[in-house]
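Worksheet: one structure, shown below.
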Amino acid sequence: MSSAPSSIPPPAFGVAPERPDGVERPPAPERPRWKPWTAWVALMAGLAGALMGALLIGVVAALAGASINNPTPAVNITATLVQDICLVGAAVLFASLAGPSSPRQFGLRRTRFWPALGWMLLAFVAFYFVTVVFVAIVGASPDDQKLTRDLGVDRGPVALLAVAFLVSVVAPVAEEFFFRGFFFSALRNWKGMWPAAVITGLVFGGIHVGSAEAAFLLPLAFFGFVLCLVYARTRSLYPCMALHCANNSLAFGVSQHWDWQIPVLFAGSITVIGLVALVVRAAWSPAPATVG
């Protein structure tokens, strides 16, 4: 039984209590009460939906005369897009089991710019260092064009733009929403931040089987781990999306032997991500109550 005075009410989420000096504290972030098991079920449901979607797309493409063994860029890109949509849908669905969800619970909230930038830079430097050391140890040479080639980026300018959008906009938004916004948050309710970050990182690396070489799944797992730390420290998904976007834009640009086009791709992608976030928050946020 608690020894705290019963006359003091517990702090309410989203309320800014006044300090004795009259200065308001920032509102406390909403803490989702998602059960840890929902993280795993949502992952399996998202992947199952992605598999069924890919099969349906393949069947439709085959009926239209496309080759099953050598699918067109449209088929590969659409299947990848369906996978991302299924992951986001699974996160929203299983989060709703604990009650109505809000954008803030998934990390779609503002944070302080400079501290967030510092955490992003620290995470990227750590990820780059681990990758360089790992490559030196295993003696592997990355095939930067594996994913883009599989998606048909070499089939024309339309395919190139579609893949760039998929890699630099869709993937950072969908993967961060699911893995950091939901999966990591649900697991934190089990054993705390560190075990949740390690497990999320390993799953994040594992889900890239097929799109990345096996030797580079461990660096990707570390990337997923440090993204969890960025989210935990900033309490916002926006720095994670921005860092994910920067990494993917850089990797995609290098695979295409770009130079000045890389910062242009990043700037355009982060602008689109920001607009998407604004639209989602506006559409998702509950309407204010009216007095009749």
Side-chain angles (χ1 to χ4, degrees), residues 41-94 142-179 182-183 203-214 216-217 220 241 244-245 247-249 251-258 261-262 264-266 268-273 275-277 279-280 283:
V41 179
L43 177 64
M44 291 185 290
L47 295 179
L51 178 60
M52 294 187 63
L55 291 175
L56 179 61
I57 293 169
V59 170
V60 173
L63 292 176
S67 172
I68 298 179
N69 296 326
N70 187 26
T72 64
V75 171
N76 289 330
I77 292 171
T78 304
T80 305
L81 181 61
V82 167
Q83 172 183 293
D84 291 332
I85 293 174
C86 287
L87 287 175
V88 171
V92 174
L93 174 63
F94 284 92
D143 182 2
D144 293 329
Q145 296 185 352
K146 184 179 189 305
L147 173 62
T148 55
R149 186 176 56 245
D150 292 344
L151 290 173
V153 73
D154 57 344
R155 307 260 184 114
V158 175
L160 176 67
L161 292 175
V163 175
F165 180 80
L166 183 68
V167 169
S168 298
V169 176
V170 178
V173 170
E175 292 179 7
E176 292 310 309
F177 186 90
F178 180 84
F179 285 104
F182 177 73
F183 192 88
V203 175
F204 179 76
I207 202 174
H208 288 85
V209 172
S211 63
E213 296 179 67
F216 293 92
L217 295 179
L220 283 173
M241 290 180 179
H244 200 148
C245 173
N247 176 75
N248 284 16
S249 297
F252 181 83
V254 169
S255 74
Q256 301 304 306
H257 308 289
W258 286 354
Q261 296 95 332
I262 296 177
V264 172
L265 173 62
F266 172 68
S269 299
I270 203 67
T271 300
V272 174
I273 290 175
L275 293 174
V276 170
V279 171
V280 170

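Numbers for residues simply follow the sequence, beginning at 1.
- When all heavy atoms of Cys86 and Gly49 are compared, the closest pair comes out as SG-C, 3.5 Å.
- The closest donor-acceptor contact from the side chain of Ser255 to the backbone of Phe252 lies under 3.5 Å.
- His257 contributes atom NE2, which lies 11.0 Å from atom CD1 of Ile262 (distance to the nearest 0.5 angstrom).
- Counting heavy atoms from C-beta outward, Val170 and Glu175 have side chains that stay 4.5 Å or more apart.
- Listed here is the closest heavy atom pair of Gly205 and Leu217: O-CD2, 3.4 Å.
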Check step by step if side-chain contact (heavy atoms from CB on, under 4.5 Å) holds for Leu166 and Asp84.
CA-CA 10 Å; Leu166 183 68; Asp84 291 332; 4.2 Å; yes
Decide yes or no on side-chain contact (heavy atoms from CB on, under 4.5 Å) for Val92 and Phe177, but give the supporting numbers first.
CA-CA 10 Å; Val92 174; Phe177 186 90; 3.8 Å; yes
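- The shortest non-hydrogen separation linking Cys245 to Ile273 is CB-CD1, 3.9 Å.
- The aromatic rings of His208 and Phe204 lie perpendicular to each other, with more than 60° between the two planes, well past the 30° mark.
- Contact detail for Trp258 and Leu265: the closest heavy-atom pair is CZ3-CD2, 4.0 Å.
- The CD1 atom of Ile77 lies 11.5 Å from the CD1 atom of Ile57; values are rounded to the nearest 0.5 Å.
- Residues Phe183 and Phe179 approach most closely at CB-O, 3.4 Å, considering heavy atoms.
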Should Leu51 and Gln83 be marked as a side-chain contact (heavy atoms from CB on, under 4.5 Å) after you check the CA-CA gap, both sets of side-chain angles, and the distance that decides it?
CA-CA 8 Å; Leu51 178 60; Gln83 172 183 293; over 6 Å; no
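- With hydrogens and angles disregarded, a donor-acceptor distance shorter than 3.5 Å links the side chain of Asn248 to the backbone of Val167.
- Taking the side chain as every heavy atom from C-beta outward, Val173 and Val88 never approach each other to under 4.5 Å.
- Two residues are said to be in side-chain contact when any heavy atoms from C-beta on lie closer than 4.5 Å; Leu87 and Phe182 fail this criterion.
- Residues Val169 and Ile270 have side chains not in contact (no heavy-atom distance under 4.5 Å, counting atoms from C-beta outward).
- Nearest heavy-atom pair, Ser249 versus Phe266, reported as atom, atom and distance to 0.1 Å: OG-CA, 3.7 Å.
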